[in-house]
Amino acid sequence: MLGKRKDLISKAWEARGKAYAPYSSFAVGAALRAGDGRVFTGCNVENVSFGLTNCAERVAIGSAIAAGAREFSLLAVVSDSDVPVVPCGACRQVLAEFAPSLEIISATKAGATREWNLAQLLPSPREGILE
Ligand code: THU
């Protein structure tokens with residue numbers, strides 16, 4: 001695997017260490033590389049009112065937008081699951097707002113990886129909306 005991808009994955013693991021997941025015990029980390037090379041990380045943040053949980057991916061992109069980043073090249077997601085986590089529908093839509101063709105790599109602790117382009121996971125994210 002290329003060094004840049006490895007670096008991003010290791011930043012996602014670092015972020016996963018901060019996950020607040022007392023209800024699911026399923027910790028997720030994310031690292032998002034911006035067009036200018038900056039990396040923004042996120043972890044899942046759960047809530048006793050379960051529906052208010054924020055996924056690691058949305059935390060990462062929120063942090064990036066708040067820091068002024070608008071373009072993104074690669075997202076890494078990590079978890080300790082049997083198969084690599086696929087970003088949920090809500091995260092796909094939020095990511096597509098800024099990077100509809102974002103490259104995504106997901107890795108497990110055991111080293112399994114999967115890659116997608118966001119357009120594969122979420123075609124037509126804005127068709128017919130507000131138009
Ligand atoms: N979760 C993420 O943070 N990212 C994903 O891509 C999948 C799910 C979190 C949400 C919740 O805290 C826990 O994993 C179980 O769904």
Side-chain angles (χ1 to χ4, degrees):
M1 193 183 298
L2 293 173
K4 273 193 154 186
R5 281 171 134 62
K6 264 194 172 164
D7 284 357
L8 203 63
I9 288 172
S10 75
K11 288 197 165 97
W13 281 116
E14 207 176 306
R16 179 179 177 273
K18 309 236 171 41
Y20 177 73
Y23 305 105
S24 72
S25 297
F26 188 72
V28 182
L32 182 62
R33 179 176 291 118
D36 61 9
R38 283 185 292 168
V39 172
F40 299 92
T41 60
C43 59
N44 49 336
V45 182
E46 297 189 341
N47 192 274
V48 67
S49 178
F50 305 136
L52 298 181
T53 290
N54 271 315
C55 294
E57 297 92 322
R58 266 175 292 148
V59 171
I61 197 165
S63 155
I65 297 304
R70 287 287 186 281
E71 283 172 24
F72 304 100
S73 57
L74 182 64
L75 170 71
V77 183
V78 299
S79 61
D80 186 9
S81 44
D82 290 343
V83 298
V85 156
V86 191
C88 81
C91 288
R92 295 177 199 190
Q93 186 72 38
V94 171
L95 292 165
E97 181 73 19
F98 299 97
S101 301
L102 184 65
E103 292 295 333
I104 302 172
I105 182 161
S106 184
T108 67
K109 202 164 235 176
T113 60
R114 275 190 78 184
E115 297 190 36
W116 310 269
N117 184 286
L118 180 56
Q120 289 173 263
L121 297 181
L122 186 71
S124 311
R126 9 180 14 115
E127 213 171 294
I129 303 176
L130 301 179
E131 282 167 3

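Being a predicted model, the structure only gives us computed values, none of them experimental. Numbers here are sequence positions counted from 1. Atoms within a ligand are numbered from 1 in the order they appear, just like the ligands themselves.
- The protein residues lying under 4.0 angstrom from ligand 1, judged by non-hydrogen atoms, are Ser24, Phe26, Val28, Asn44, Glu46, Thr53, Cys55, Ala56, Glu57, Val85, Val86, Pro87.
- Residue Ile129 shares its hydrophobic cluster (ILVMFWY side chains chained together at separations under 4.5 Å) with Leu130.
- Between Glu57 and Leu32 the shortest side-chain heavy-atom distance does not fall below 4.5 Å.
- Inter-residue side-chain proximity for Tyr23 and Thr53 is flagged as unmet; no heavy-atom pair is nearer than 4.5 Å.
- Looking at residues two or more places apart in sequence or on another chain, you find no salt bridge (charged side-chain N to carboxylate O under 4.0 Å, His left out) involving Arg70.
- Arg126 meets the salt bridge (charged side-chain N to carboxylate O under 4.0 Å, His left out) test with Glu97; sequence neighbours excluded.
- Judged by distance alone, the side chains of Ser24 and Glu46 do bring a donor and an acceptor atom under 3.5 Å apart.
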